[in-house]
Amino acid sequence: MSDRVPRVGALPSGPRDAITDVSGVTVGHCTLAEGAIQTGVTVIRPHAGDLYHDRVPAAAAVLNGFGKSIGLMQLEELGVIETPIALTNTFGVPAVAAAQIRAALAVNPGIGRELPTVNPLVFECNDGHLNDMARMVVAEAHYRQAHDAADVAVPEGAVGAGRGMSSFGVKGGIGTASRRVEAGGRMVTVGTLVLANFGRPAQLRICGRALGPVLAERLEEPGTVAKPEKGSIILVAGTDAPLDARQLRRLALRAGAGLARTGSVFGHGSGDIALAFSTAYTLPQDPGTPMPAVAMLHDGHLDPLFEAVADGIEQAILKALWHAETVTGRNGHRRRALAEILPDWQALAPGAMP
């Protein structure tokens, strides 16, 4: 099915068309799929070392703050990531945060004693339509499994944290992409990954084509009333370009451009949060270790990265939709695969921009 995924923009992608095209980045999933339990955990590791000691610069942009993430306040203040980035369902956040703390303690037993505390970083979306969240099945072992499974190959669709997610009335989930651009005289990679759980059917746009009305018609059931937006999306961007936290926040904000292209209006009940990080250098936890002397990319060279992250986010969302298979979960609720419903998308809305 991957050869049928709509291609966004003209920028070249990396060899995997995934966030793992940024050197050192890996992604792992733990998927729970049995009956009313349709959920999981996804972990993004910016590098393979000890993130508590060798932190990476990062920043977040909250497009709409209807969310229950952990770690954003310290991230905004310090501009660094000191655990892997974890994604899960809303009620799984505390267990995953505890798992991150225990993992950091296992490597650095002095945390919270003679060493500073650690800031877990967990993002969430509500997968309650397909998954019985109230059973709170996500546990520390599931985080460890996803963490240990991290690799450069990234399965997409209804996997990991994306297992129970929905988008535009169809199956959502995990999607990833990458784009390569020249900035400041060097080639850099921008990788993206999304946890897509947002959008009403009538809003969907694919590569500029307003296909939402067709999708809504094909999904319509007698007596169905359009419901308000209650979804969410987590947008992650990684790059090997040397950027500081201020510049990374600007990059994170541009993820919203890619999200909007798919039809999102950042609805009232949607938790739309973007995170951007750089792997170009690390920042030491130890105050006795000198800070790196890094020549940052000039602000005047950021536009190609902004274009790359917008295209990459849009691409990752479409890949999440195209790779997700039909899933039946809690109380028999069912989300169909978009590719089954709109296999003829290219023939539709011919008057729209391609």
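For W322 against L338, the heavy-atom pair with the smallest separation is CZ3-CD2, 3.4 Å. E340 approaches P343 most closely through the heavy-atom pair O-CD, 3.5 Å. Listed here is the closest heavy atom pair of V294 and P242: CG1-CB, 4.0 Å. Residue S166 comes nearest to R335 through the heavy atom pair OG-NE, 2.9 Å, listed as atom of the first residue, atom of the second, then distance. Scanning both residues, Q285 and E82, for their nearest heavy atoms gives NE2-OE1, 3.5 Å. For the residue pair G14 and S178, the shortest heavy atom distance occurs at N-OG, 2.9 Å.
At least one side-chain heavy atom of N108 sits less than 4.5 Å from a side-chain heavy atom of D50. Two residues are said to be in side-chain contact when any heavy atoms from C-beta on lie closer than 4.5 Å; L251 and L253 fail this criterion. Inter-residue side-chain proximity for R144 and C30 is flagged as unmet; no heavy-atom pair is nearer than 4.5 Å. V170 is listed as a side-chain neighbour of I341, based on a closest heavy-atom distance under 4.5 Å. Under the 4.5 Å side-chain criterion, counting only non-hydrogen atoms from C-beta, L342 is in contact with L348. Side-chain contact between L51 and P46: present, with at least one pair of heavy atoms (C-beta onward) separated by less than 4.5 Å. Side-chain contact between Q315 and P6: absent, with no pair of heavy atoms (C-beta onward) separated by less than 4.5 Å. Side-chain contact between S278 and V56 is absent, with no heavy atoms from C-beta onward closer than 4.5 Å.
Here the rule is side-chain contact (heavy atoms from CB on, under 4.5 Å) with H142, and of L32, T88, V43 only L32 fits it. Between C125 and the choices T90, D272, L195, the side-chain contact (heavy atoms from CB on, under 4.5 Å) rule is met once, by L195. If you run side-chain contact (heavy atoms from CB on, under 4.5 Å) between F123 and each of I273, V236, V96, I70, only I273 comes through.
In this model, no donor atom of one side chain and acceptor atom of the other lie less than 3.5 Å apart for N126 and N197. With 3.5 Å as the limit, one finds no donor-acceptor pair spanning the side chains of E124 and N89. Side chains of R45 and T26: no donor on one and acceptor on the other come within 3.5 Å. Side-chain atoms of T189 and D21 include no donor-acceptor pair closer than 3.5 Å. Remark: the N64 side chain and the S270 side chain contain no N/O donor-acceptor pair separated by less than 3.5 Å. Between the side chains of T42 and H29, at least one donor N or O lies within less than 3.5 Å of an accepting N or O. Donor-acceptor pairing under 3.5 Å is lacking for the side chains of E156 and T176.
Counting heavy-atom neighbours within 6.0 Å of E76 CD, excluding the residue itself, gives a total of 12 or less. Heavy-atom contacts from other residues, nucleotides or ligands closer than 6.0 Å to CE of M187 number more than 12. Annotation for R102: atom CZ does not count as buried by contact number, only 12 or fewer foreign heavy atoms lying within 6.0 Å.
Expressed to the nearest 0.5 Å, how far CG of L204 lies from CH2 of W345 amounts to 10.5 Å. Atoms CD1 and OG1, on I317 and T192 in that order, are 8.5 Å from each other to the nearest 0.5 Å. Taking OH of Y281 as the start and CE of M291 as the end, the distance is 8.0 Å to the nearest 0.5 Å. Interatomic distance, L235 CG to S264 OG, rounded to the nearest 0.5 Å: 9.0 Å. How far CD1 of I44 is from CG of L87: 5.0 Å, rounded to the nearest 0.5 Å. Atoms CD and CE, from Q38 and M133 in turn, are 14.0 Å apart once rounded to the nearest 0.5 Å.
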When you look at R205 and T262, which way does the side chain to side chain contact (heavy atoms under 4.5 Å, CB included) test go after all the steps? CA-CA 5 Å; R205 299 182 70 88; T262 65; 5.7 Å; no

Please evaluate residues V138 and Y143 with respect to the criterion side chain to side chain contact (heavy atoms under 4.5 Å, CB included), reporting the C-alpha separation (whole Å), side-chain torsions for both, the decisive distance (0.1 Å), and the verdict. CA-CA 8 Å; V138 172; Y143 169 80; over 6 Å; no

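Residue pairs that meet the ring pair (Phe, Tyr, Trp, His ring centres under 6.0 Å) test with at least one member in residues 30-85, sequence neighbours left out, are F66-H268.
Every residue two or more places apart in sequence or in another chain was checked for a salt bridge (Lys or Arg N to Asp or Glu O under 4.0 Å) with R135, and none qualifies. Listed by chain and number, the residues in a salt bridge (Lys or Arg N to Asp or Glu O under 4.0 Å) with R186 amount to none (sequence neighbours excluded). Residues that satisfy the salt bridge (Lys or Arg N to Asp or Glu O under 4.0 Å) test with D17, not counting sequence neighbours, are R179, K319.
Salt bridge present: E325 and R163 bring a charged side-chain N and a carboxylate O closer than 4.0 Å. With respect to the salt-bridge test (charged N to carboxylate O, under 4.0 angstrom), the residues R55 and D286 do not qualify.
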Side-chain polar contacts of residues 109-122 - donor-acceptor pairs under 3.5 angstrom, sequence neighbours left out - could you list them?
unit_1 : atom_1 : unit_2 : atom_2 : d
R113   : NH1    : P109   : O      : 3.3
N119   : ND2    : G71    : O      : 3.1

Result block: side-chain N/O donor-acceptor pairs under 3.5 angstrom for residues 301-314, not counting sequence neighbours:
unit_1 : atom_1 : unit_2 : atom_2 : d
D311   : OD1    : R261   : NH1    : 2.6
E314   : OE1    : R261   : NH1    : 3.1

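Taking the six-membered ring where the residue is Trp, F198 and F168 present perpendicular rings, their angle passing 60° and hence far from 30°.
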